[in-house]
Amino acid sequence: MSTDVVLVGAGLQGCGVALRLAQAGVGVVVLERSIPGAEASSAAGGILSPGVEAEPGPFHELCVQSLSRWRDFADELERLSGSWVGFRGGGTLEVSVDDRFTPVLAARAAMLERAGLDVSVLDGDDARRLEPGLSPETRGGIWFPGEASVDPRLLGRALHVAAVRAGARFVQGQVRGIAVEGGRVVGVDHESGRIAAGAVVLAAGAWSMQVAGNDLPVGAVRPVRGQIAVLDTRPPLLSRVIFSDKGYLVPRPDGRILCGSTMEEAGFEKAVTAGGLLHVLQLAVEIAPGLAGAPVVETWSNFRPATPDGLPILGPGRVPGLFYATGHYRNGVLLTPVTADAVSAAVLGRPTPVDLAPFAPSRLAPRGALR
Ligand SMILES: Cc1cc2nc3c(=O)[nH]c(=O)nc-3n(C[C@H](O)[C@H](O)[C@H](O)COP(=O)(O)OP(=O)(O)OC[C@H]3O[C@@H](n4cnc5c(N)ncnc54)[C@H](O)[C@@H]3O)c2cc1C
């Protein structure tokens, strides 16, 4: 088999880049060992929040750029796939149920406001007017009215269908390694044999280091486990994403509320643990005591692809023909649209819509190594 570009991994990053390349008329094969979206991409909360996650700087700018693309991206995917992706506006709210955290929040709001972000400081009553299900102990909060959420499971499905309809070909099976001959990429070694390609995009999430032939330094991507518990509320208790200093709640329109998440260095042990559940359920009830009586209807865990500096790895590697769309850590859903646009542009040799230099794989060169 041969094609122009091979994508390794069909999570949100692999599918997003594949969609844009297929739309540009390029031959695309996406190789996925499981089913598209099966791993971190369907385990995510779906929060789209540059405000809560990042300090001003290039990463924050990347997040803001991606958020600004989201509404159009959701509309486009719904049009192409015929299915809803669960985009939900209304902003996100970070609350404090502890007097010590209230000044921390206010200071962060002032800093983000100076960086040009739309953010409002609320007292406890204001916060409860927005979300009556919040605890009477809520001391205050900050509200990011432009932020949103999506349903990652619906999103993964829609993105897969959209990429197929645009012409991308999906093939199931394990990629063993990236094939390099004469100093450049010539394809991949797949369990079904060699697939020849002029370019390869590594989008294997937390498993990226297991794909032989990547030119990343040891430890460039590692798994960080996150656990989630889902509660059912009828009628829905909350309507927008709520953060505290311990975690978050992500309400879906049907009344389900995702409670997340843990941040664990547990290798690839995909487990839901007593300690993990205790953490997410405790923070949920602290934010909204009415959740204490809500049934737990689902739990899961999966692996964020983390990098040593917390930034994604985007763009060309050292070997000609090798590209990266990995290391999205806690923000892969938020960063899907900008990753799709920027990495596909890099593969096509076109100017990228954002500067990828801060996210170049070469920044991760081992200390003392020549760049
Ligand atoms: C609990 C949790 C909550 C999260 N919440 C949020 C959130 O609210 N907002 C947000 O923006 N982000 C969130 N994230 C982060 C987000 O989910 C990830 O950053 C994102 O999904 C990464 O996408 P990906 O495509 O790189 O990885 P994945 O979705 O993991 O996809 C990688 C794919 O590659 C495949 N693969 C791996 N190796 C091979 C191989 N050798 N051959 C073939 N296929 C291979 C895998 O099967 C997998 O399908 C969360 C993550 C977790 C775990």
Side-chain angles (χ1 to χ4, degrees), residues 6-18 30-50 52-54 63 66-67 70 92 147-153 155-156 159-160 170-178 188-192 195 201-214 221 223-230 241 243 247-250 258-264 268 270 272 276 280 299-307 310 312-314 324-340 343:
V6 157
L7 277 294
V8 183
L12 292 175
Q13 313 316 325
C15 290
V17 177
V30 188
L31 302 173
E32 168 59 50
R33 63 179 181 196
S34 177
I35 54 168
E39 298 288 358
S41 294
S42 54
I47 303 165
L48 308 177
S49 174
V52 176
E53 284 288 2
C63 293
S66 205
L67 179 65
W70 246 106
T92 66
E147 297 189 341
S149 64
V150 288
D151 185 328
R153 290 186 186 175
L155 172 66
L159 198 45
H160 176 203
F170 285 71
V171 177
Q172 201 169 35
Q174 180 94 10
V175 174
R176 302 211 170 99
I178 296 157
V188 295
D189 290 317
H190 184 249
E191 62 176 55
S192 64
I195 298 176
V201 182
L202 184 56
W207 296 267
S208 295
M209 300 307 291
Q210 295 176 3
V211 179
N214 75 76
V221 183
V224 172
R225 187 172 71 190
Q227 302 184 41
I228 284 193
V230 185
V241 174
F243 290 91
Y248 53 77
L249 303 177
V250 189
L258 275 65
C259 313
S261 181
T262 57
M263 299 280 289
E264 301 165 272
F268 285 103
K270 200 183 277 184
V272 173
V280 298
T299 60
W300 62 75
S301 75
N302 213 294
F303 307 105
R304 304 173 185 90
T307 59
I313 303 172
L314 305 175
Y324 292 94
T326 187
H328 290 74
Y329 195 32
R330 295 162 62 108
N331 286 291
V333 183
L334 170 62
L335 294 173
T336 298
V338 80
T339 299
V343 174

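First listed ligand is number 1; within each ligand, the first listed atom is number 1. All values derive from a computational prediction rather than experimental measurement. Residues take their numbers from the sequence shown, with the count starting at 1.
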Working to the nearest 0.5 angstrom, can you tell me the gap between [X] [atom1] and [Y] [atom2]?
X: Arg33; Y: Gln210; atom1: CZ; atom2: CD; answer: 7.0 Å
X: Asn214; Y: Ser208; atom1: CG; atom2: OG; answer: 7.5 Å
X: His328; Y: Leu314; atom1: NE2; atom2: CG; answer: 5.0 Å
X: Asn331; Y: Arg304; atom1: CG; atom2: CZ; answer: 10.0 Å
X: Thr299; Y: Leu258; atom1: OG1; atom2: CG; answer: 11.0 Å
X: Ile47; Y: Phe243; atom1: CD1; atom2: CZ; answer: 4.0 Å

For [atom], which protein heavy atom lies nearest, and how many Å away is it?
atom: atom 43 (C) of ligand 1; result: Arg33 N, 3.3 Å
atom: atom 20 (C) of ligand 1; result: Gly332 CA, 3.8 Å
atom: atom 51 (C) of ligand 1; result: Arg304 CG, 3.6 Å
atom: atom 10 (C) of ligand 1; result: Arg330 O, 3.1 Å
atom: atom 28 (P) of ligand 1; result: Ser41 OG, 3.8 Å
atom: atom 27 (O) of ligand 1; result: Gly205 CA, 3.6 Å
atom: atom 50 (C) of ligand 1; result: Ala44 CB, 3.6 Å
atom: atom 18 (C) of ligand 1; result: Tyr329 O, 3.7 Å

Nearest heavy-atom neighbours spanning [X] and [Y]:
X: Ser149; Y: Val241; result: CB-CG2, 3.8 Å
X: Pro36; Y: His160; result: CG-CE1, 3.5 Å
X: Gly177; Y: Val211; result: CA-CG1, 4.2 Å
X: Val280; Y: Ala229; result: CG2-CB, 3.9 Å
X: Ala38; Y: Ser34; result: CB-OG, 3.4 Å
X: Ala10; Y: Val30; result: CB-CG1, 3.7 Å

Using modelled atom types and a 3.5 Å cut-off, is there a donor and acceptor pairing between side-chain atoms of [X] and backbone atoms of [Y]?
X: Ser42; Y: Gly37; result: yes
X: Thr336; Y: Val333; result: yes
X: Trp70; Y: Leu334; result: yes

Give yes if a backbone or side-chain nitrogen or oxygen of [X] is under 3.5 Å from a nitrogen or oxygen of ligand 1, and no if not.
X: Ser261; answer: no
X: Gly226; answer: no
X: Gln227; answer: no
X: Trp207; answer: no
X: Gly45; answer: yes
X: Gly14; answer: no
X: Thr326; answer: no
X: Ile47; answer: yes

Under a heavy-atom criterion of less than 4.0 Å, does Tyr248 contact ligand 1? yes
Non-hydrogen atom of Gly156 closer than 4.0 Å to ligand 1: no
For [X], atoms of ligand 1 separated by under 4.0 Å from a heavy atom:
X: Gly46; value: 7 (C), 8 (O)
X: Asn302; value: 53 (C)
X: Glu39; value: 30 (O), 46 (C), 47 (O), 48 (C), 49 (O)
X: Asn331; value: 10 (C), 11 (O), 12 (N)
X: Gln174; value: 41 (N), 42 (N)
X: Gly173; value: 43 (C)
X: Gly9; value: 33 (C), 34 (O), 35 (C)
X: Ala203; value: 32 (C), 34 (O)

For [atom], the option (of [options]) bearing the nearest heavy atom:
atom: atom 40 (C) of ligand 1; options: Val17, Val175, Leu31; value: Val175
atom: atom 30 (O) of ligand 1; options: Ala40, Ser66, Pro305; value: Ala40
atom: atom 2 (C) of ligand 1; options: Ala43, Ala325, Ala204, Ala206; value: Ala43
atom: atom 47 (O) of ligand 1; options: Glu32, Met209, His328; value: Glu32

Please say which of Arg225, Glu39, Gln227 ends up in a side chain to side chain donor-acceptor pair (under 3.5 Å) with Asn302. Glu39
Assign the ring pair Trp207 / Phe268 to parallel, tilted or perpendicular, where the plane angle (0 to 90°) is split at 30° and 60°. parallel
